[in-house]
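Along the sequence shown, residues carry numbers from 1.
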Amino acid sequence: MNAERRSIFPNSQLESAGTIRFEQPTVETEQGLHEECGIVAVVDPHNHLAAHMAYFAISNLDNRGQDGGGVGTPSTVIKREGRIYELFSPEEVSQLEPTPLAIAHTRYGTAGGQSKDNLHPHEAQYGDHILKLAHNGTVAIPQEVLDTVPAEILTSSDSKILTHYLTLKRGSYSSWQETFQNELPHFKGALNFVAITEEKDIIAVRGIDGIRPLSIGKLKDGGWCIASEPIAYSAYPLYGEFARDVSNGEIMTLTSDGSIWSTTYGEPQDPTHCLFEDRYFAKPSSQIVQNEPYLTDTRFEGGQLAYERFKKKGFEVDHVVPILNSGRDFADGVSSASGLRVRHTIDIATFHGNGRSFIMPEQLERVSKVQKKFVTIPIPPEMSRVIVPDDSAIRFTTSPEIVKMLKEAGATDVHLLLGLPPVTDVCNDGTNISSKTELPAARIMERLKVEHPEADEDTLISLLEVELATEIGATSVTFTRLEDLYAVHKREPLHSCTHCFDSISPRKKAEIQREQMPLKKEYKRGKNPPRLVLMASGTGTNVENVLMHHGDGTLSAEIAGIVVNNKDCGAAHIAEKFDIPVITLPSKGRLGKEKSIINEKGEFLSPREQYFLELAQEIKKLDADFVGMLGWNLVVDDAFIQSIEAPLFNLHPAYLPQDNGDKVMTSRGMIPVYRGPHAIQDVLENNEKITGATVHLVPSSAVDRGKPVLEQQVRIYSDDTLETLTQRVHEAEYMIVPAAINRMAHYIRKGYDIASGKIPF
């Protein structure tokens with residue numbers, strides 16, 4: 001597989017950083033259609049109920065779409081308008097075809113986008129190549145792409161154009177994976193999708209910016225589910241366990257027998273997760289970003305910080321009125337910080353068509369929806385000064401109606417406290433904001449900047465809050481500060497998409513990130529892949545897994561050799577079976593620490609130090625671009641790491657943090673970090689609920705403290721034994737090791753110094 005085939009547009013502006021221009025079609029398109037959709041892909045190799053599971057999984061994501069949806073299998077696509085749980089009768093669901101593979105989609109659309117033609121999955125066929133694709137996000141379509149697809153497709157959505165273009169280009173490459181590697185870099189924006197090919201494989205892609213979330217879960221009966229949020233596969237009837245995030249820029253292939261492998265496209269960069277999505281669209285029960293807190297916790301902490309800002313304004317309030325259900329956790333945080341009682345004065349009306357008013361297509365429909373959505377109960381005179389926490393206000397459609405309803409119920413003072421900063425810019429990456437005219441905060445802020453040219457950001461926001469309060473009839477309005485959002489999500493500013501708040505695009509942040517990444521010497525091997533040397537001491541099951549990927553063309557590295565410290569170990573016999581060179585350097589009797597040997601520089605060395613220097617020399621003879629320890633049972637020293645002159649990585653049978661800390665956030669909460677050779681046994685003895693597997697860099701001899709390249713969680717059950725848990729950890733290792741190797745190889749070919757630890761794995 002030629003993973004690095006040259007771009008078909010070598011002289012295009014698309015390859016010039018900072019000068020990229022995107023030409024949109026001038027014919028009628030989905031103007032204003034920006035989707036925050038939900039996508040699902042299911043592999044069920046044993047029961048062949050993937051279509052049923054995909055339908056139930058996407059139904060759990062109805063928070064992400066209220067306009068229509070569909071299910072796609074290798075032979076069928078069914079899609080309809082309406083709420084996802086209304087699309088199919090129970091009889092129709094039960095009659096979905098038996099299949100090991102299926103994808104599904106739920107969407108919402110705005111004015112101009114309400115069309116059956118815009119429902120997903122989209123399908124295209126050119127020659128023998130077929131692609132069924134469900135997309136979450138919005139991408140800019142370059143003019144070169146518009147010039148390629150048939151004219152009748154130009155009246156369609158960006159997602160349909162993407163589907164047809166990729167299918168058209170498939171014939172120019174050896175595989176779908178190579179097609180995506182070469183063609184996807186031309187599309188900028190939120191590019192998450194799941195697809196089924198004519199080869200009856202599922203391919204899932206997370207965009208290089210990582211704006212939209214995508215994760216993979218392991219299902220209870222075997223198989224896998226990839227989804228926009230873990231809630232899709234963690235509930236009935238899938239009961240899957242979160243395994244890991246799909247990495248930004250990852251092309252993940254899932255086959256009907258349950259096998260998984262992946263490769264990478266594009267320039268390396270940290271993901272820029274959408275903070276608006278975390279606050280507005282995602283369910284609080286989701287851990288939307290691996291290694292970050294659950295959203296219910298971030299919203300609670302956000303409420304605490306927002307109240308501290310409100311308190312400085314000096315208003316007196318009597319109780320907290322949450323906006324259910326969206327403001328529940330935020331309100332609990334406000335109550336915790338203020339000591340005020342939460343009183344559920346506003347409740348949800350029993351109207352089954354209710355959903356998020358922000359994503360309704362027309363203003364009149366939004367207002368009507370608000371009036372149907374809420375009911376209030378009377379407010380006693382002694383509780384008339386209320387603070388109303390809500391997760392957000394975008395178009396401020398709901399806010400004046402809520403203020404009016406509360407005053408009619410007896411409130412004298414209504415203070416609106418919002419869980420987001422003011423939304424002051426449009427978004428072209430998957431959120432339904434197509435024009436600043438829709439945004440009161442943007443309209444007012446632009447005027448304030450003209451009227452107060454010397455004012456700083458804090459002053460402008462304070463003035464904005466006063467004007468918005470007057471517009472909606474509230475006593476006051478208070479926004480959450482952007483820096484507080486960074487704090488509660490435990491996230492760096494460069495790792496967040498905040499364009500709708502501060503007008504800084506993910507592309508700009510990516511440019512800054514890449515400028516900070518250390519470049520190594522230019523890769524000199526031409527079309528040949530990077531050379532990988534593996535070190536092993538044990539049975540060699542992970543070595544065998546890697547060699548199998550190498551043999552079937554799904555590994556982006558050339559295996560230069562296997563180094564073992566025992567000629568009779570399983571890894572040595574496996575390497576010989578695959579006709580891979582084996583270097584044996586026995587360690588038995590050579591690991592003493594007392595210094596007695598003098599090297600050519602006149603330095604005293606211990607037998608152990610001498611052994612590792614010899615080992616480094618043997619590895620250097622293999623001309624390795626990087627080196628991996630897979631079941632290597634000796635702790636290497638710093639001199640060895642320096643001497644091999646190549647990045648070194650290790651496989652560790654536990655879940656490691658992104659830094660040197662001794663705790664790590666998991667899908668089951670914070671746990672201690674388990675290092676050393678007995679990590680699996682240690683987590684069992686300490687009754688942990690989660691462990692995992694981690695491929696990490698080895699910058700020094702400090703055990704298991706390098707930056708993770710890829711990690712996967714493994715659930716621990718009450719009846720687990722050391723044997724059963726070890727088996728499941730090994731299964732996780734078999735999944736992540738080839739994917740991590742492919743990612744490192746991809747970055748090495750692009751000339752980045754992965755050994756620095758500054759590369760965004």
Side-chain angles (χ1 to χ4, degrees), residues 36 211 272-282 288-289 292 295 298-313 323 326-327 329-331 333-334 337 358 387-399 415-433 436 438-449 452 455-469 471-472 474 476-506 508-509:
E36 184 58 67
I211 299 171
T272 48
H273 306 286
C274 174
L275 268 178
F276 180 89
E277 174 166 25
D278 295 344
R279 274 295 198 231
Y280 193 90
F281 282 102
I288 205 73
V289 179
E292 286 190 8
L295 295 186
T298 65
R299 293 177 185 184
F300 178 86
E301 188 177 346
Q304 293 178 312
L305 294 178
Y307 177 76
E308 293 304 317
R309 182 164 186 268
F310 167 79
K311 186 171 65 173
K312 295 176 181 178
K313 296 183 177 183
I323 305 296
S326 61
D329 296 309
F330 187 59
V334 173
F358 166 54
I387 184 169
V388 184
D390 198 3
D391 60 354
S392 59
I394 314 305
R395 294 186 174 100
F396 283 84
T397 302
T398 308
S399 303
H415 302 278
L416 186 63
L417 185 55
L418 299 170
L420 282 177
V423 176
T424 57
D425 207 345
V426 299
C427 174
N428 297 316
D429 290 309
T431 302
N432 178 27
I433 307 171
K436 285 189 178 183
E438 302 177 34
L439 303 172
R443 168 176 48 82
I444 295 171
M445 186 65 85
E446 287 185 358
R447 175 173 53 78
L448 289 174
K449 288 180 178 179
H452 305 275
D456 60 19
E457 188 71 13
D458 285 340
T459 301
L460 289 171
I461 290 178
S462 296
L463 292 170
L464 169 67
E465 290 170 339
V466 171
E467 293 211 20
L468 279 172
E471 281 200 9
I472 66 175
S476 74
V477 170
T478 302
F479 288 101
T480 292
R481 303 312 306 271
L482 189 54
E483 54 264 35
D484 289 340
L485 285 189
Y486 293 140
V488 299
H489 286 276
K490 310 296 188 287
R491 193 184 301 169
E492 295 294 326
L494 284 180
H495 300 167
S496 294
C497 176
T498 53
H499 187 266
C500 59
F501 306 131
D502 59 14
S503 301
I504 303 176
S505 74
K508 179 61 177 177
K509 292 187 176 185

Minimum heavy-atom distance [X]-[Y], with the two atoms named:
X	Y	value
A393	S399	CB-OG, 3.8 Å
P422	L464	CB-CD2, 3.6 Å
G303	V334	O-CG2, 3.5 Å

Measure the spacing between [atom1] of [X] and [atom2] of [Y] and express it to the nearest 0.5 Å.
X	Y	atom1	atom2	value
E465	L416	CD	CG	10.0 Å
T272	I211	OG1	CD1	4.5 Å
Q304	R299	CD	CZ	15.5 Å
L275	L482	CG	CG	6.5 Å
K449	E457	NZ	CD	6.0 Å
R443	E471	CZ	CD	4.5 Å

Run the side-chain contact (heavy atoms from CB on, under 4.5 Å) test on K436 and D425 for me, step by step, so that the C-alpha distance in whole Å, both residues' side-chain angles and the decisive distance to 0.1 Å come before the verdict. CA-CA 6 Å; K436 285 189 178 183; D425 207 345; 3.2 Å; yes
pair [X]-[Y]: side-chain heavy atoms closer than 4.5 Å:
X	Y	result
V488	F300	no
V477	I472	yes
S392	F276	no
R481	D458	yes
I323	F330	no
E467	L448	yes
T459	H452	no
L463	M445	no

Is a side-chain N or O of [X] found less than 3.5 angstrom from the main chain of [Y], in a donor-acceptor match?
X	Y	value
K509	S496	yes
R491	L485	no
S505	K508	yes

Under the criterion side-chain contact (heavy atoms from CB on, under 4.5 Å), I'd like the reasoning laid out for Y307 against I387: C-alpha separation, chi angles, the key distance, then a yes or no. CA-CA 10 Å; Y307 177 76; I387 184 169; 4.2 Å; yes
Sequence-distant partners of T480, side-chain hydrogen bond (donor to acceptor under 3.5 Å, both in side chains), two or more places apart: none
We want to know whether K313 and S462 form a side-chain donor-acceptor pair, criterion being a heavy-atom distance below 3.5 angstrom. no
Can you list the steps and then say if H489 with L295 is a side-chain contact (heavy atoms from CB on, under 4.5 Å)? CA-CA 8 Å; H489 286 276; L295 295 186; 3.8 Å; yes
Over 60° means perpendicular and under 30° means parallel, so tell me whether F479 and F396 are parallel, tilted or perpendicular. perpendicular
When you look at E292 and K490, which way does the salt bridge (Lys or Arg N to Asp or Glu O under 4.0 Å) test go after all the steps? CA-CA 7 Å; E292 286 190 8; K490 310 296 188 287; over 6 Å; no
Residues in ring-ring contact (aromatic ring centres under 6.0 Å, His included) with H273, at least two apart? none
If you draw a 6.0 Å radius around CD in E308, do more than 12 non-hydrogen atoms from other residues or ligands fall strictly inside? yes
